[in-house]
Amino acid sequence: MPAIKLNVIKPSVNNMTVRVFVRAAGLDFDEHDVYGQTRSADYLARCPAHLTPMIEADDLPKGALWESCAIMQYLCNRHGLAQFYPADPARRAMIDSAMFYLVGTFYPYLARATYPALGFPQYPGEVGHSDADAATKEQARQAAVEALAEPLEVFRAFYLDGKPFIGGDKPSIADIRLASTLEFLAAIDYALPAWAETHKAAMATSLGKAYAEPAADVRGYIGYVKSQRT
Ligand SMILES: N[C@@H](CCC(=O)N[C@@H](CS)C(=O)NCC(=O)O)C(=O)O
């Protein structure tokens, strides 16, 4: 029986991140599609945050672990995967910084900019419910679209700094997190800078099917929501 149970929602780039990683790392995992089930009593008992990706493994103190970057860090530590997550503290810190910057600063803009087009709950400035009218929401969404460029440029100038990958010559877990995340920008036909297209292509070439299979699920979903637009 596989050692890792991976719970996923396939259209999601947070999930794509871990789905790409476990494939690229050649780990023994069993994938469970929990679309529509994350708020069931059974799932909440295991994961009160009702989030995916979420892994379950016997050696975890609480049996479950969520947050895509924490999952990749844990699996790299557990399986000694220094090719994705360098052991050297300074190099490792750069990978951590890139991932925290993505999740903490870049992703909130990206979610605000793309989630309405993706048909996901929450829209600009909203936590649960807002009485803002459609024009105000769209204004806030546009502001988020415009805000994407600055942190994106930080990835190019600081984290990549002329290297093919944040990890250097080979993709790191931060590269997997970045490339997967940028897939959602196709939902709003955001013109990615050339370096980001180059990075995505290098990821696809370097990781092959490990990247292509989960990416196809995200791209398929984006194609579907676009086809539903009037
Ligand atoms: N920061 C988290 C975000 C996870 C997240 O937002 N997951 C969403 C899918 S994109 C989810 O599982 N939502 C289901 C729910 O809230 O019930 C990560 O990187 O893993």
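Counting convention: from 1, in listed order, for ligands and their atoms alike. Note that this is a predicted model, so its numbers are computed, not measured.
No hydrogens or angles considered: a donor-acceptor pair under 3.5 Å links the side chains of N15 and T52.
By the criterion of a heavy-atom distance under 4.0 Å, the side chain of N14, and not its backbone, is placed next to ligand 1.
Close contacts of ligand 1 with R39, meaning ligand atoms under 4.0 Å from a residue heavy atom, involve 15 (C), 16 (O), 17 (O). The distance from ligand 1 to the heavy atoms of T38 drops below 4.0 Å at these ligand atoms: 14 (C), 15 (C), 17 (O). In summary, the atoms of ligand 1 found under 4.0 Å from a heavy atom of P53, numbered by their order in the structure, are 20 (O). Contact atoms of ligand 1 toward S12: 9 (C), 10 (S) (distance under 4.0 Å to a heavy atom of the residue).
Within the set T52, T181, N15, the minimum heavy-atom distance to atom 11 (C) of ligand 1 is found for T52.
Taking atom 14 (C) of ligand 1 as the reference point, the nearest protein heavy-atom neighbour is H50 O, 3.3 Å. The nearest heavy-atom contact from the protein to atom 20 (O) of ligand 1 is S68 N, 2.9 Å. Ranking protein heavy atoms by distance to atom 2 (C) of ligand 1, first place goes to E67 OE1, 3.2 Å.
Using modelled atom types, no side-chain atom of T38 and backbone atom of V34 make a donor-acceptor pair closer than 3.5 Å.
Partner of I55 under the side chain to side chain contact (heavy atoms under 4.5 Å, CB included) criterion, out of N7, V8, L6: L6 alone.
Note that R23 lies outside the cation-pi zone of Y211, set by a 6.0 Å cut-off to the ring centre and a 45° limit from the axis.
Ligand 1 has R177 within reach: a non-hydrogen atom of the residue lies less than 4.0 Å from it.
With ring centers used as reference points, F84 lies under 6.0 Å from F21. Between F184 and F120, the distance separating the two ring centers is shorter than 6.0 angstrom.
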How far apart are the C-alpha atoms of R39 and Y43, what are their side-chain angles, what is the distance that settles it, and do they pass the side chain to side chain donor-acceptor pair (under 3.5 Å) test?
-> CA-CA 6 Å; R39 291 170 199 248; Y43 197 85; over 6 Å; no

